[in-house]
Amino acid sequence: MPEVIYQGDLPAFTGRNVPIKEIAGAIGKDAQYVRLGIQQGLLKFGTAIKVGSSNEFSYYCPDKKVWEETGCFNKEAV
């Protein structure tokens, strides 16, 4: 993958796990759309790990990756 060079000031990334609901609101989709997109590998800004033998997933969406893929960053959440 080519190196990306950013010009200007970058947001203050902390590695914060951005909630699915926050991402959904920022991109204008519902939370289920975001969850399924991450599970299926279609949305590249997060990972989904299945929890045990249940049908539940745990999600990790780091703030920097969400910003790189969507352009969305919540300054108030830092």
Side-chain angles (χ1 to χ4, degrees):
M1 180 186 321
E3 181 180 343
V4 176
I5 300 174
Y6 299 106
Q7 295 180 343
D9 294 332
L10 295 176
F13 301 115
T14 62
R16 174 179 84 92
N17 185 17
V18 182
I20 297 295
K21 285 185 178 182
E22 184 178 322
I23 296 168
I27 65 172
K29 297 291 184 181
D30 68 13
Q32 187 65 9
Y33 175 93
V34 175
R35 284 191 289 271
L36 288 174
I38 293 171
Q39 288 174 26
Q40 295 174 6
L42 300 171
L43 300 177
K44 306 295 184 191
F45 48 72
T47 57
I49 305 293
K50 192 166 184 176
V51 179
S53 60
S54 73
N55 290 330
E56 293 183 26
F57 286 81
S58 178
Y59 300 89
Y60 179 61
C61 302
D63 56 358
K64 183 176 181 184
K65 192 68 173 171
V66 171
W67 175 78
E68 288 174 341
E69 296 291 326
T70 68
C72 300
F73 184 78
N74 185 349
K75 294 176 186 172
E76 287 84 42
V78 173

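The analysis underlying the following values was restricted to heavy atoms, covering all of them including side chains, and did not include hydrogens, waters or symmetry mates. We number each residue from 1, following the sequence as shown.
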Inspect the surroundings of NZ in Lys50 and state if more than 12 heavy atoms from other residues, nucleotides or ligands are less than 6.0 Å away.
-> yes
When rounded to the nearest 0.5 angstrom, what is the spacing between CD1 in Ile23 and SG in Cys72?
-> 9.0 Å
Rounded to the nearest 0.5 angstrom, the CD1-OH distance for Ile49 and Tyr60 is 12.5 Å
Would you confirm whether Asn17, through its side chain, and Pro62, through its main-chain N or O, come within 3.5 Å as a donor-acceptor pair?
-> no
Nearest heavy-atom pair of Asp63 and Ala12: which atoms, and what distance?
-> OD2-O, 4.4 Å
Joint hydrophobic cluster, Val18 plus Phe57, side-chain heavy atoms closer than 4.5 Å | yes
Criterion side chain to side chain contact (heavy atoms under 4.5 Å, CB included) on Arg16 and Asn74, from CA distance to verdict | CA-CA 10 Å; Arg16 174 179 84 92; Asn74 185 349; 3.9 Å; yes
Could you list the donor-acceptor pairs under 3.5 angstrom formed by side chains in residues 34-47, with sequence neighbours left out?
{"from": "Arg35", "atom 1": "NE", "to": "Gln32", "atom 2": "OE1", "distance (Å)": "3.2"}
{"from": "Arg35", "atom 1": "NH2", "to": "Gln32", "atom 2": "OE1", "distance (Å)": "3.1"}
{"from": "Gln39", "atom 1": "NE2", "to": "Tyr59", "atom 2": "OH", "distance (Å)": "2.5"}
{"from": "Lys44", "atom 1": "NZ", "to": "Gly41", "atom 2": "O", "distance (Å)": "2.5"}

Return the orientation label for the Phe73 and Phe13 ring planes: parallel under 30°, perpendicular over 60°, tilted otherwise.
-> perpendicular
